[in-house]
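The structure appears right after this line, and notes come after that.
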Amino acid sequence: MRYWKTRPVPAGTHVGIVVATYNQPLLVTLGSLQAQTFSDFTCLVVHDGPGKEHFERTLKVFQDDHRFEFLETESREKVFGHSCRRRGF
């Protein structure tokens with residue numbers, strides 16, 4: 001088994017993360033990011049189209065954390081998240 005060696009992060013480093021989703025609550029994924037010791041990041045969650053039940057639940061949990069941004073496409077594009085990730089970049 002490999003062991004991870006931690007390295008110091010240079011001052012001023014900012015990380016951008018794009019998460020593409022469709023009707024998944026993502027509470028574990030985003031909770032894991034939120035718990036990281038490195039906190040200088042922005043996470044853009046792009047929901048592919050309408051179907052807000054799961055998306056709204058996730059939004060309620062993370063809306064007060066300024067590191068998380070949420071975007072929803074107007075229509076479902078059904079291309080396995082590729083267009084959502086492109087939109088995030």
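All heavy atoms count here, side chains included; hydrogens, waters and symmetry mates do not.
Distance check, rounded to the nearest 0.5 Å: CG of L30 to CZ of F62 gives 4.5 Å. Between atom OG1 of residue T42 and atom NE2 of residue H66 there is a gap of 7.5 Å, rounded to the nearest 0.5 Å.
Cluster annotation: F38 and L33 are assigned to the same hydrophobic cluster (Ile/Leu/Val/Met/Phe/Trp/Tyr, side-chain heavy-atom contacts under 4.5 Å, transitive).
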Please lay out, stage by stage, how T58 and L27 fare under the test side chain to side chain contact (heavy atoms under 4.5 Å, CB included).
CA-CA 6 Å; T58 302; L27 298 175; 4.2 Å; yes
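Ring geometry, F68 versus F41: the interplanar angle exceeds 60°, so the pair is classed perpendicular (tilted spans 30 to 60°).
The minimum heavy-atom distance between V46 and V18, with the atom names listed, is CG2-CG1, 4.4 Å.
L26 has its side chain within reach of V45: a pair of non-hydrogen atoms, C-beta onward, lies under 4.5 Å apart.
Residues that satisfy the side-chain hydrogen bond (donor to acceptor under 3.5 Å, both in side chains) test with Q36, not counting sequence neighbours, are absent from this structure.
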